Amino acid sequence: MAHPGDKTTVIIIAVVVCGVVLLVTIPIIWVVIRRRKSPKKIPADNDPNNVELDRVGSDADDGYQSLKLPYRRTSDHTYQGLKARSDIEDNELTSDETYEDVKTRSQFPRNQLKIKEELGHGDFGSVYKAEAWDILGRSGTTIVAAKELKDPAASTAFFKELAVLKLLGTHPNVVSFLGCCTDTEPYYLLLEFVSGGSLQSALRTSRTQQTYGNLHGGSKSLSPRDLTKFAWDVAKGMSFLSSKKILHRDLATRNVLVSADRTCKVSDFGFSREGDEYERTTKTRLPVRWMAPESLFHRKYTTKSDVWAFGVLLWEIVTLGATPYPGMSKREVMDGVQQGYRMRKPPHCDDRMYSLMMKCWSEQSFKRPGFPELERELDVLMEDEHDYIDLANFDENAYASLQTSREEKI
Ligand code: AMP
């Protein structure tokens, strides 16, 4: 029979052991619960407030910049992408399976396509002028632009552009999609052929014409009204895209083409995405000078960040194709934009036109106008007899920064 003292000792020992166990386990359980609830710690060099410019060669001052991207948070929005797969990383979309539907529809018979001369060089490879027979029910030959996928590393971007193009529909201010040849290599995207080259080169070419007038006939010089019309055309094209919930994400004069009758058409959907909002996840080269603060520092893209870029495009039009933020490095542009710096009013630009730019550059994206509003405002300027851009007082030397465009592609 146990002695009453032994029983007390056993009870004391049991209580002490239980106490120790509780003391050890409670903090462990607390730590585990906290870890599950709280987001992962952001590594210092991936902090969204700590975006760094990557080292790029000195010859890469081209409108784009590689960024060390911030740590990727789980997306808190619904990305209505191709397959509504918000969980897919950009570089995961290479699989043939994901794009099987995109690849098989809109196929154009390769034997009805005749590739002619090269028109330019883009993100994936060369763009050729080509003849297409009986394309989209048009009998006979149609001149098209054929974008070839040359670099296999660019196949994701190529098929993304194809996917966005197929959603487009047609609008006079957006380059039309006509079909694709993606059954076997070489792969081609077939687009409406736009003969006048990029808006950026049209603006820059017009500088010399501006200086020397119409001496040699067939002048490419542009009138203030032409310039306002370009801005209006782009606003109409972007209005259409935004109504389709397509984000361009790389709107700039280098990505707008000009037709023979001087109609601007928004082009180059290599960067575009479908949806109301998009969160950048991968490391990529970025058009820093055209980017809104929320895209630069929080990787967030909405139609309103396209509106910011439209404001920069307006500035490019007014300065006949100058490089935005003249004299500033991309690092300085990023710091400046973060601190509220905005490009000054070019002296030959009317207050009303400049106030449109400034509205596009509102810090808070909801204060920026939408594209339909921009379209209406520019329509009103078009109706007016007044010149909103006074080319007679354009000082070419003040806007001499013209970085070349071939490397402006990623
Ligand atoms: P991108 O890959 O869209 O940047 O195109 C590269 C270059 O090819 C452009 O700068 C144009 O010179 C030319 N290009 C692209 N698309 C077309 C088109 N639809 N019509 C005529 N030229 C084009």
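Order of listing sets the numbers, starting from 1, for every ligand and every atom in it. None of these values were measured; they are calculated from a predicted model.
The closest donor-acceptor contact from the side chain of Ser329 to the backbone of Glu332 lies under 3.5 Å. Here the side chain of Asn393 pairs no donor or acceptor atom with the backbone of His348 at under 3.5 angstrom.
Residue Asn255 places no N or O, backbone or side chain, under 3.5 Å from any N or O of ligand 1.
Counting heavy atoms closer than 4.0 Å to ligand 1, residue His121 contributes backbone atoms (N, CA, C, O) but none from C-beta onward. Residue contacts with ligand 1 for Ser198 are absent, since no atom lies close enough (heavy atoms, distance under 4.0 Å). Contacts between Glu192 and ligand 1, counted as non-hydrogen atom pairs separated by less than 4.0 Å, involve the backbone only.
Annotation for ligand 1: atoms under 4.0 Å from non-hydrogen atoms of Ala145 are 17 (C), 18 (C), 19 (N), 20 (N). Taking every non-hydrogen atom of Leu119 and a distance limit under 4.0 Å, the qualifying atoms of ligand 1 come out as 12 (O), 21 (C), 22 (N).
Note: Tyr341 and Tyr325 have tilted aromatic rings, judged against thresholds of 30 and 60 degrees for the angle between ring planes.
Residue Lys147 holds the heavy atom nearest to atom 1 (P) of ligand 1 of all those in Lys147, Glu161, Glu118. Remark: among candidates Val256, Leu191, Leu257, the nearest residue to atom 18 (C) of ligand 1 is Leu257, based on non-hydrogen atoms.
To the nearest 0.5 angstrom, Trp315 atom CH2 is 15.5 Å from Phe310 atom CZ.
Under 4.0 Å is where a charged nitrogen must lie from a carboxylate oxygen, and between Lys304 and Glu294 no such pair does.
Lys345 pairs by the salt bridge (charged side-chain N to carboxylate O under 4.0 Å, His left out) definition with Asp351, not counting sequence neighbours.
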